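These figures come from a predicted structure and were not determined experimentally.
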Amino acid sequence: MSVPPQEHFKGLPMVGFPLLLIPLAIYNIIVFLMPSVSLTETLVAVPLMTSGAEWPVTLSEILLALAILMLLLEVIKGARPGAKFLTDHLLSLIVFGAAVAEFLLWPRFANSTFFLLTLLALVDFLTGVALRVRRSPAVAGASRAAQRAPVEVVHQPAHVESGASPPANEPASHAPSEPRFTHVEPAHAPAPVEPSAESKPAGAPLPPEASH
């Protein structure tokens, strides 16, 4: 029997991808592959309707805004029960360590934009660890409560012998019972008793045998 692809992937533990790696990777691409691009150069000027001024937006500000959104998604993802594994925290730590190494070793990474990106990577790692530590006692308490829960014992009714009355909770059978016939022997009528001579009245005629 084939398992549907959706059911197959639901049972597999998925390792979370560190989202803070996206703005850091874009910064590395700009530094190494596009050295002529300036991070402080204004890309677009957004006019404000109320004051009439223009808001200059630079590439570094876009990267910082993207990093903040990625951090928000990481916090939402880590708040779910069982969402992050130990491997996810390890990947977040590796991303933070690589950002710190680039900030300290490469001159083009020594600026406020990349420092703030590195700080957001640290916040991502510490937030994930804090959520995991906070969730561990709750999970342990739930498991202990499940172990202490009483086991419900179901008593099955005993076998009812034939001829015994049905239990009270069972409805009585409405089937008509078979009639029972009892043989009654007829009573013997008593033999007639002949009256004796003493009991006969005087003057009564004797039978013909007595006259002879």
Side-chain angles (χ1 to χ4, degrees), residues 5-51 53-145:
Q6 293 83 359
E7 299 295 334
H8 177 70
F9 286 112
K10 283 181 182 178
L12 295 178
M14 301 298 294
V15 178
F17 177 77
L19 299 178
L20 266 296
L21 184 60
I22 296 175
L24 292 173
I26 294 175
Y27 192 96
N28 280 268
I29 290 172
I30 294 173
V31 168
F32 290 109
L33 301 181
M34 296 181 291
S36 60
V37 176
S38 176
L39 294 173
T40 58
E41 183 180 356
T42 302
L43 295 180
V44 62
V46 180
L48 303 178
M49 301 296 295
T50 55
S51 62
E54 291 185 352
W55 170 38
V57 180
T58 61
L59 184 57
S60 61
E61 294 170 350
I62 294 176
L63 288 177
L64 289 174
L66 178 62
I68 293 173
L69 292 177
M70 294 298 103
L71 178 61
L72 176 61
L73 294 178
E74 281 287 346
V75 173
I76 294 175
K77 183 176 66 175
R80 296 180 302 172
K84 280 195 171 185
F85 299 93
L86 184 61
T87 311
D88 302 326
H89 303 302
L90 182 60
L91 291 176
S92 300
L93 180 61
I94 292 174
V95 171
F96 169 68
V100 170
E102 289 180 338
F103 179 76
L104 297 176
L105 298 177
W106 296 86
R108 295 199 61 180
F109 290 91
N111 51 63
S112 299
T113 302
F114 195 79
F115 173 77
L116 292 176
L117 292 176
T118 305
L119 185 60
L120 291 175
L122 175 62
V123 172
D124 175 33
F125 171 70
L126 295 179
T127 303
V129 173
L131 289 175
R132 184 180 181 89
V133 172
R134 184 181 180 87
R135 190 167 56 243
S136 296
V139 175
S143 62
R144 286 196 298 267

For the student: nearest non-hydrogen atoms of [X] and [Y], plus distance:
X    : Y    : value
T58  : T40  : CG2-O, 3.4 Å
N28  : E102 : OD1-OE2, 2.7 Å
T118 : F96  : O-CD1, 3.6 Å
A45  : E54  : CB-OE1, 3.7 Å
L117 : A67  : CD2-CB, 3.5 Å
L131 : A79  : CD1-N, 3.9 Å

Atom [atom1] of [X] and atom [atom2] of [Y]: how far apart are they, to the nearest 0.5 Å?
X    : Y    : atom1 : atom2 : answer
L63  : L116 : CG    : CG    : 11.5 Å
L72  : L19  : CG    : CG    : 10.5 Å
F125 : I94  : CZ    : CD1   : 10.5 Å
L64  : L59  : CG    : CG    : 10.0 Å
D88  : F17  : CG    : CZ    : 11.5 Å
L69  : L120 : CG    : CG    : 10.5 Å

Q: Decide yes or no on side chain to side chain contact (heavy atoms under 4.5 Å, CB included) for D124 and V95, but give the supporting numbers first.
A: CA-CA 10 Å; D124 175 33; V95 171; over 6 Å; no
Q | Partner set under ring-ring contact (aromatic ring centres under 6.0 Å, His included) for Y27, not counting sequence neighbours | A | F109, F114
Q. Would L43 and V57 count as a side chain to side chain contact (heavy atoms under 4.5 Å, CB included) if you check the C-alpha gap in whole Å, the side-chain angles of each, and the deciding distance to 0.1 Å?
A. CA-CA 6 Å; L43 295 180; V57 180; 5.6 Å; no
Q | Side chains of E74 and T127 in contact at under 4.5 Å (non-hydrogen atoms) | A | no
